[in-house]
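Okay, so here's the structure we're looking at.
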2 protein chains.
Amino acid sequence: MNAPLSLSHLKTACSNCNLRELCLPVGLTHEEVESLDELVYTRKRIKRGESLFRAGDAFQSLYAIRSGFFKTRVATDDGRDQVSGFQMAGELLGIDGIGTDAHNCDAVALEDSEVCIIPYGKLEELARRFTPLQHHFHKVMSREIVRDHGVMLLLGSMRAEERLAAFLLNLSQRFTARGYSASEFILRMTREEIGSYLGLKLETVSRTFSKFQDEGLISVQQKHIRITDIPGLKRVMGQSGASC
Amino acid sequence: MNAPLSLSHLKTACSNCNLRELCLPVGLTHEEVESLDELVYTRKRIKRGESLFRAGDAFQSLYAIRSGFFKTRVATDDGRDQVSGFQMAGELLGIDGIGTDAHNCDAVALEDSEVCIIPYGKLEELARRFTPLQHHFHKVMSREIVRDHGVMLLLGSMRAEERLAAFLLNLSQRFTARGYSASEFILRMTREEIGSYLGLKLETVSRTFSKFQDEGLISVQQKHIRITDIPGLKRVMGQSGASC
DNA sequence: GCCGCGGGTTGATCCATGTCAAAATGCGCC
DNA sequence: GGCGCATTTTGACATGGATCAACCCGCGGC
């Protein structure tokens with residue numbers, strides 16, 4: 001089922017990975033990136049619907065998404081759960097596990113995906129030797145915190161339309177950073193997953209998509225989205241009490 | 001207005017701080033904690049209502065709360081804002097600034113407070129030399145992420161009563177960890193600030209407090225809270241779809 | 001001791017979003 | 001290529017919490 005080890009190993013090198021401008025190597029010198037190569041020596045394929053890790057699993061490694069698309073999901077003990085994020089190529093999964101030596105959420109592939117396995121112990125060791133790597137890793141974690149604060153702001157103070165507009169604009173921007181179209185993309189997740197992430201019910205997500213379409217902001221057909229009026233969406237996002 | 005420098009300096013030492021079981025030194029050996037002493041050499045007093053830092057300020061240092069109580073607040077460009085957390089003695093402020101070299105939120109003292117200034121560059125340097133410190137610092141950041149996911153879950157999927165119950169239980173637990181009563185405390189924040197944090201309006205917070213009181217779960221008098229039925233509050237928190 | 005004001009409580013009403021239901025669409029599997 | 005199921009859309013109705021408004025309380029200042 002797995003690719004032969006040698007082949008897999010051959011391909012695994014941050015220094016010639018086309019995601020190095022998005023992933024851990026950002027801002028490192030060529031030499032420093034080569035030191036990462038010794039760190040990241042295994043890849044893993046995850047099929048759509050499968051989990052990379054689950055809440056409670058022992059924490060060993062971080063994972064850099066090489067290709068594909070994931071969602072992370074947190075749960076309460078009484079059975080409720082919520083999507084806590086959607087991750088795409090170049091982003092890091094598993095940081096939540098550092099604090100308790102066990103993962104605190106499930107990471108589920110929303111399409112067939114591939115991740116680079118980053119043994120955490122080795123990363124810490126390397127971070128002690130290479131200041132820029134240490135610095136960059138701290139930045140990645142800090143930005144994750146800032147991102148979460150943004151989501152909290154969205155969940156705590158925005159209305160359904162604003163949330164969805166923010167969501168679409170965020171996706172658009174992340175696709176742009178990866179060289180894809182800013183205005184046309186395929187949603188990898190269901191309405192229910194979008195709703196869970198945004199604190200809305202799937203019907204509300206669907207209705208709001210339809211509303212945006214009626215208003216000429218986007219065109220939706222199932223999972224296919226085309227944003228036809230980016231400034232318009234931005235206006236939706238900031239419209240609540242903004243008049244004063 | 002400031003205490004004489006020498007005096008302030010004399011007192012500043014993690015190794016004999018009574019918060020060392022809650023703060024950065026957790027889990028470090030005595031020798032390692034002494035190395036922290038060289039790091040933390042200044043304290044700062046913040047009066048009630050004043051800001052320790054504001055969004056946009058250049059990031060230089062982290063701050064460990066030595067005494068007092070803070071809120072952090074994030075804002076959108078269109079003027080909305082939201083309380084993103086309440087921090088008490090032993091907790092760390094400023095981590096949000098690492099990612100962009102500028103703070104992303106305001107930290108406001110809710111009572112006269114004192115913080116230890118931890119120059120970030122020095123902390124990174126020390127983390128390179130002392131593995132346990134590095135490890136611990138990463139854990140602190142990771143736990144912050146996990147905490148934020150918990151708040152996202154609360155904001156996205158809990159009803160007003162559940163949110164407030166979770167909030168009270170969280171405060172109770174944190175006071176306990178500091179040696180204070182688990183069941184009786186003074187709220188340092190207004191109803192509006194609680195509401196902002198929980199994604200509710202102040203009227204809803206007030207009404208829900210009254211409801212809890214009618215049900216015999218707590219007794220409220222302005223900022224004075226006594227929890228009379230902790231298991232009852234826990235039941236409120238997990239009641240939604242929990243029957244099946 | 002009194003006054004003024006910020007913060008808190010409570011009531012009446014409204015509305016955004018949830019809930020329930022049913023039909024339509026599209027995709028995977030045989 | 002057709003069947004069946006998951007997903008999406010849309011409609012009708014219910015409701016939790018927001019909004020608006022009035023009043024109360026307690027604290028700090030004079």
Side-chain angles (χ1 to χ4, degrees), chain A residues 47-50 71 80 82-83 108 110-112 154-165 167-168 186-215 218-225 236 239-241 243-244, chain B residues 47-49 71 80 82-83 108 110-112 154-168 186-215 218-225 236 239-241 243-244:
Chain A
K47 290 222 195 77
R48 185 160 107 99
E50 286 177 357
K71 70 172 175 185
R80 260 175 299 190
Q82 175 161 14
V83 171
V108 181
L110 296 182
E111 60 181 19
D112 292 356
L154 177 146
L155 290 172
S157 71
M158 289 187 172
R159 299 157 10 86
E161 290 173 33
E162 302 174 286
R163 294 184 198 189
L164 207 58
F167 174 73
L168 289 174
I186 303 293
L187 295 175
R188 250 64 232 213
M189 67 297 277
T190 66
R191 302 290 189 263
E192 185 170 20
E193 287 162 336
I194 296 172
S196 171
Y197 181 59
L198 298 177
L200 302 170
K201 293 290 154 179
L202 67 95
E203 294 94 331
T204 305
V205 173
S206 180
R207 265 186 253 274
T208 309
F209 273 145
S210 301
K211 179 150 187 278
F212 284 172
Q213 183 160 245
D214 292 349
E215 289 168 347
I218 65 176
S219 94
V220 215
Q221 193 153 26
Q222 303 283 119
K223 301 216 188 288
H224 186 127
I225 296 276
V236 168
Q239 82 190 165
S240 78
S243 52
C244 47
Chain B
K47 289 224 196 76
R48 186 159 105 99
K71 70 172 175 185
R80 258 174 301 189
Q82 174 161 14
V83 171
V108 181
L110 297 182
E111 61 180 19
D112 293 356
L154 177 146
L155 290 171
S157 71
M158 289 186 172
R159 298 153 13 83
E161 291 173 33
E162 302 175 286
R163 294 185 199 189
L164 207 59
F167 173 73
L168 289 174
I186 303 293
L187 295 175
R188 252 62 233 213
M189 67 296 276
T190 67
R191 301 290 189 261
E192 186 169 19
E193 287 162 336
I194 296 171
S196 171
Y197 180 58
L198 298 177
L200 302 169
K201 293 291 155 180
L202 67 94
E203 293 94 330
T204 305
V205 173
S206 179
R207 266 186 252 276
T208 309
F209 273 145
S210 300
K211 180 149 186 278
F212 284 171
Q213 182 159 246
D214 292 348
E215 291 168 345
I218 65 176
S219 93
V220 214
Q221 192 153 28
Q222 303 284 118
K223 300 215 188 294
H224 186 127
I225 296 276
V236 168
Q239 81 191 166
S240 79
S243 53
C244 46

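Letters go in sequence order (proteins before strands), and every chain restarts at 1.
DNA chain C is contacted by B:T190, B:R191 of residues 186-195 of chain B, taking any non-hydrogen atom closer than 4.0 Å.
Under the rule for a salt bridge (charged side-chain N to carboxylate O under 4.0 Å, His left out), B:E203 has no partner lying at least two apart in sequence or in another chain. With sequence neighbours excluded, the residues satisfying salt bridge (charged side-chain N to carboxylate O under 4.0 Å, His left out) with A:K211 are A:E161, A:E215. Legend: residues meeting side-chain hydrogen bond (donor to acceptor under 3.5 Å, both in side chains) with B:E111, ordered by chain and number and at least two apart, are B:R188. For A:S210, there are no side-chain contact (heavy atoms from CB on, under 4.5 Å) partners, not counting sequence neighbours. Judged as a salt bridge (charged side-chain N to carboxylate O under 4.0 Å, His left out), and not counting sequence neighbours, B:R207 has no contacts. Residues satisfying the ring pair (Phe, Tyr, Trp, His ring centres under 6.0 Å) test with A:F212, not counting sequence neighbours, are none.
In this structure, OG in A:S157 is found 5.0 Å from CZ in B:R80, a value given to the nearest 0.5 Å.
Here the side chain of A:Q213 pairs a donor or acceptor atom with the backbone of A:V220 at under 3.5 angstrom. Panel note: side chain A:D112, backbone A:R48; a donor-acceptor pair is recorded below 3.5 Å. Judged by distance alone, with hydrogens and angles left aside, the side-chain atoms of A:R163 form a donor-acceptor pair with the main-chain N or O of A:M158 at under 3.5 Å.
What separates CZ of B:F212 from P of C:dG8 is a distance of 17 Å, to the nearest Å. Atom CG in A:L198 sits roughly 19 Å away from atom P in C:dA16 (whole-Å rounding). Protein atom NZ of B:K223 is 13 Å distant from nucleotide atom C1' of D:dC25, rounded to whole Å. Rounded to whole Å, the distance from CG on A:L155 to P on D:dG17 is 15 Å. Here the P atom of nucleotide D:dG17 and the CG atom of B:L202 are 15 Å apart, to the nearest Å. Straight-line distance from the CG atom of A:D214 to the P atom of D:dG11: 10 Å, rounded to whole Å. Nucleotide D:dG17 holds its P atom 11 Å from the CG atom of B:L164, rounded to whole Å. Atom pair B:I225:CD1 and C:dG7:C1' shows a separation of 14 Å (rounding to whole Å applied).
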Footprint string (nucleotides 17-24 of chain C, 5' to 3'): B base within contact, S backbone only, - free, heavy atoms under 4.0 Å: SSBB----
Contact state string [nucleotides 25-30 of chain C, B base, S sugar-phosphate only, - no protein heavy atom under 4.0 Å]: -S----
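Among the atoms of the strands shown, base atoms are found under 4.0 Å from some heavy atom of A:S206.
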Under 3.5 Å, side-chain donor or acceptor atoms of residues 194-202 of chain A against the rest of the protein: list the pairs with distances, not counting sequence neighbours.
| residue | atom | partner | partner atom | Å |
| --- | --- | --- | --- | --- |
| A:S196 | OG | A:V83 | N | 2.8 |
| A:Y197 | OH | A:R147 | NH1 | 3.2 |

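Here the closest non-hydrogen pair linking B:K223 and B:M189 is NZ-O, 3.6 Å. A:G49 approaches A:V108 most closely through the heavy-atom pair O-CG1, 3.8 Å.
Checking each of B:T204, B:D214, B:L187 against B:F209 for a side-chain contact (heavy atoms from CB on, under 4.5 Å) leaves exactly one that passes, namely B:L187.
The rotation axes computed at either terminus of the helix from C:dG1-D:dC30 to C:dC30-D:dG1 lie 60° apart, taking five pairs at each end and rounding to 10 degrees.
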